[in-house]
Amino acid sequence: MVAAESEGRLVREAQRGSKDALAELYSRHWSDAQRAAYLVVHDASASEDIAQDAFLAAVAALDRFDRRRRLAPWLHRIVVNKSIDWARREELRRAVGEPDTELPAPAAGSQQVGEDLMAALADLPPDQRAVVVLRHLLGYTPGQIARMLDLPRGTVNSRLRRALDRLRSLLEENDR
């Protein structure tokens with residue numbers, strides 16, 4: 001409860017222009033934002049850029065943020081949406097013949113997920129990858145994900161089901 005009150009106070013101060021409060025919010029949420037982006041895009045450099053861009057977008061919209069809510073889900077929504085956009089742009093670039101870039105080493109903290117799972121996640125479409133990351137790696141409920149991504153809950157559930165079925169199939173293929 002104290003952490004939520006503390007965060008609410010920081011958000012209020014940041015909304016009033018406090019650079020110190022903004023720096024503290026950044027410090028508290030940076031690693032989770034960067035990790036969420038990495039888990040969706042599988043590119044360490046891009047995930048840093050995406051997280052940075054998401055923070056800038058959040059700061060620009062902070063005056064509209066409802067302080068009664070937690071900041072993390074709102075910020076993760078921004079991060080995941082920007083990650084999906086990035087992944088779609090990259091797929092389009094590859095489709096039109098731009099050179100493919102080599103997948104860099106995993107970002108800090110991603111080793112917990114496992115190399116096989118990371119490779120399988122990379123094979124999922126960005127929209128499916130995003131809901132798996134939000135649900136199973138960041139711990140949001142399907143209802144929270146639906147609100148974050150502005151989707152019907154049924155859509156979230158069907159994306160999760162399709163993604164998990166595909167992941168299972170990919171991981172079983174790797175075991176053979």
Side-chain angles (χ1 to χ4, degrees), residues 29-61 65 70-175:
H29 295 283
W30 169 255
S31 63
D32 287 340
Q34 191 274 331
R35 181 172 183 254
Y38 179 80
L39 291 168
V40 174
V41 302
H42 299 279
D43 182 311
S45 177
S47 67
E48 290 180 12
D49 291 343
I50 291 164
Q52 184 75 26
D53 191 32
F55 268 100
L56 291 173
V59 168
F65 176 70
R70 291 184 45 237
L71 186 67
W74 180 70
L75 181 59
H76 281 139
R77 175 184 182 173
I78 296 169
V79 170
V80 167
N81 283 335
K82 290 191 175 293
S83 298
I84 291 169
D85 290 345
W86 183 90
R88 286 180 178 152
R89 281 192 307 273
E90 286 302 301
E91 286 177 3
L92 182 60
R93 284 186 188 117
R94 283 192 291 274
V96 296
E98 287 190 17
D100 200 7
T101 58
E102 187 177 327
L103 187 65
S110 65
Q111 286 81 2
Q112 301 168 355
V113 178
E115 290 180 24
D116 289 343
L117 181 56
M118 291 299 290
L121 275 170
D123 285 344
L124 294 177
D127 57 341
Q128 289 180 11
R129 192 179 322 137
V131 294
V132 169
V133 166
L134 287 168
R135 176 70 180 113
H136 295 286
L137 301 177
L138 297 176
Y140 290 103
T141 67
Q144 290 171 320
I145 296 167
R147 287 188 297 278
M148 289 169 74
L149 300 179
D150 197 26
L151 295 170
R153 186 175 173 151
T155 301
V156 170
N157 288 335
S158 66
R159 285 183 185 176
L160 274 170
R161 176 54 34 221
R162 283 193 307 272
L164 294 175
D165 289 346
R166 178 74 179 137
L167 282 174
R168 185 177 300 110
S169 158
L170 290 168
L171 291 172
E172 287 172 356
E173 286 175 18
N174 286 343
D175 285 344

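Numbering starts at 1 and runs along the sequence shown.
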Given [options], the one that forms side chain to side chain contact (heavy atoms under 4.5 Å, CB included) with [X]:
X	options	value
Arg77	Asn81, Val79, Val80	Asn81
Leu75	His29, Arg70, Met148	His29
Val156	Asp127, Leu149, Ile145, Leu134	Ile145

### Query
Counting distance only, does the side-chain N/O of Gln128 pair as donor-acceptor with the main-chain N or O of Pro125 below 3.5 Å?
no
### Message
Tell me whether His136 contacts the main-chain N or O of Val132 through its side chain, where contact means a donor paired with an acceptor under 3.5 Å.
### Response
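Not confirmed, His136 side chain does not pair with Val132 backbone.
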Restricting to non-hydrogen atoms, name the atom on [X] and the atom on [Y] that form the minimum distance, rounded to 0.1 Å.
X	Y	answer
Pro142	Arg135	CD-NE, 3.7 Å
Asp43	Ser45	OD1-N, 3.1 Å
Ala122	His42	N-NE2, 3.4 Å
Ala37	Ile50	CB-CG2, 3.9 Å
Trp30	Ala51	CZ3-CB, 3.3 Å
His76	Ala33	NE2-N, 4.4 Å

### Message
With heavy-atom distances below 4.5 Å as the criterion, would you say the side chains of Arg147 and Tyr140 are in contact?
### Response
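No, too far: nothing below the 4.5 Å cut-off.
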### Leu56 side chain near Val59 side chain, heavy-atom distance below 4.5 Å
no
What distance separates [X] [atom1] from [Y] [atom2], expressed to the nearest 0.5 Å?
X	Y	atom1	atom2	answer
Arg166	Arg162	CZ	CZ	13.0 Å
Leu117	Leu170	CG	CG	10.0 Å
Leu39	Met118	CG	CE	5.0 Å
Asp85	Asp53	CG	CG	9.5 Å
Arg159	Leu164	CZ	CG	14.0 Å
Asp116	Leu167	CG	CG	11.5 Å

### Task
Classify the ring geometry between Trp74 and Phe65 as parallel (under 30°), tilted (30 to 60°) or perpendicular (over 60°).
tilted
### Query
Are Arg168 and Asp165 close enough for a salt bridge, meaning some N to O gap below 4.0 Å?
yes
### Query
Pick one: which of Arg35, Gln34, Gln52 meets side-chain hydrogen bond (donor to acceptor under 3.5 Å, both in side chains) with Ser47?
Gln34
